[in-house]
Amino acid sequence: MKMDSDYKMNNIHKVSLAGLLDAITIKERRGMLSADTEIALLTADSRQVVAGSMFVAVPGVSVDGHKYIASAIASGAVAIVAEHYPEEIPAGVLVVLVQDSREALGRLASRFYGDPSEELTLVGVTGTNGKTTIATLLYEIARQRGLKAGLLSTVVNMIDTEAVAADHTTPDPVVLNALLRRMADAGCSFVSMEVSSHAADQHRIAGLTFAGGIFTNLTRDHLDYHKTFDAYLQAKKSFFDKLPADAFALVNADDSHGRVMLQNTPAKFKATYSTRDLADYKVKIIEDRIDGMLLDFDGSQVETMFVGHFNASNLAAVYGASLLLGVKKDDTLVYISKLMPVAGRFQPFRSPTGATAIVDYAHTPDALINVLDTIREVAPDAKVIAVCGAGGNRDHGKRPLMARAAAERSDVVILTSDNPRNEDPVAILNDMLSGLDAYQLERTETIVDRRAAISRAVELAGPGDVILIAGKGHETTQEIAGQVYHFDDREEVCRAFGINK
């Protein structure tokens, strides 16, 4: 697979200065440059600047791009977009001031690539959990319909059938629009994408034209970045506040924040989905087993290959969105019956001795609760062994909550490393242990090495028992002390089981 970074320099379109600046609101400008000047490359990274570039100075989380304006000019930038002027403006360079250079970058990136989202039916999915599954399944349904389709997700980006490795849930605006342009040029007519709270807050999606937005749920996550839960909520809500008037807004009625997302949205078509309450699109679980569910979609029963209440909710969102996109109900239900679970999302593996391991991306307290509750529902008599950790350099406050969620719903808990990044993994585990009482501590082991933790869980599991390996799901690497190593939970559990992946 090609990496997203391969496209950061792929600014093959040359756009006039006037055409680009028409996409943003300008406060003032200094310097002279012909309106007909062709801009060869658009970037917010001064290291990528070449002769004829437009450099957008973006204030980052840790680095302020304004510090690199002089470097960008020295490398050949002829146009600068910034929030304040540099000390010197050489002849032949134009500096344009804007209110928010992050938002300007999004709009400029869209215009640079010819506003590709206007050529696509683009649907965004936001929320704490379920984004990857819903976006992926909408892509799969579009493919079943015979359409060429694109996908932008945490797991992988797809340009119809071409896989492009993803390194962010939502790419930066230049990469994002480059991918959308490639999708449009490849003949794609539909694209589904995850919209992270970071992306909404940082205006990475500014300039995109969405046909619809979907809200899944909101639970504690990313407070290392947003600081408060309300700020996290407002970041999600900002996506709906900026939807076009002819778009749809579909929200989860089972989450108390769903109705909030509909407040003030200009979207003409507002709708809800639910597995519990009255809603425009209602799904009920008739049977829930370890190998699938029988679901009722507004009176029509369909056998699916998904497991658990959270997946019933995801399918309700897919069902509602499909109908809002104009697909007939009967066709939608046929498509849903053929869908397969997403890699690393409640992905089961069976040992020769009869134990089952579930690999899942659950990395928040709420996600752990959902997955473990599902295991208890479909295997009520099984001993449940949970293997989980928490990422380093992220929200410390959720660590004890995750450990408690696992301990309250498992017979045995093995706390281990997730992606420690630049933190001491032992310190992370101590943060998790602080959330447990004396009884829970008696049933908890801490094993820093994740491979050893998975092997220990397999050693403890007997016939009929269920192991949950949570936190990394589809990921194939582990970051320890700033170094990235190959590590795949699915490979590790197969190795421990003595089976082929």
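- Between D160 and R143, at least one side-chain N (NZ, or NE/NH1/NH2) sits under 4.0 Å from a carboxylate O, which counts as a salt bridge.
- Within the 3.5 Å criterion, the main-chain N or O of L218 finds a donor-acceptor partner in the side chain of D255.
- Between the side chains of D488 and T476, no donor N or O sits under 3.5 Å from an acceptor N or O.
- Side-chain contact check for D100 and H203: at least one donor-acceptor pair (N or O, by modelled atom type) lies under 3.5 Å.
- Remark: K328 NZ is loosely packed, at most 12 non-hydrogen atoms of other residues, nucleotides or ligands lying under 6.0 Å away.
- For the pair Q347 (side chain) and V359 (backbone), a donor-acceptor distance under 3.5 Å is absent.
- The backbone N or O of F487 lies less than 3.5 Å from no partner atom in the side chain of K472, so there is not a single donor-acceptor pair.
- Aromatic ring orientation, H84 versus H66: parallel (interplanar angle below 30°, classes split at 30° and 60°).
- The main-chain N or O of G19 is found under 3.5 Å from a side-chain atom of R111 such that the two form a donor-acceptor pair.
- The aromatic rings of F240 and F215 sit perpendicular, their planes meeting at an angle over 60°, well past the 30° parallel limit.
- Side-chain atoms of T275 do not come within 3.5 Å of backbone N or O of V283 as any donor-acceptor pair.
- Salt-bridge check for R145 with D331: failed, with every basic side-chain N at 4.0 Å or more from each acidic carboxylate O.
- Residue Y68 qualifies as open at atom OH: its count of foreign heavy atoms under 6.0 Å is 12 or below.
- Under a 4.0 Å N-O distance rule, the pair E423/R394 does not qualify as a salt bridge.
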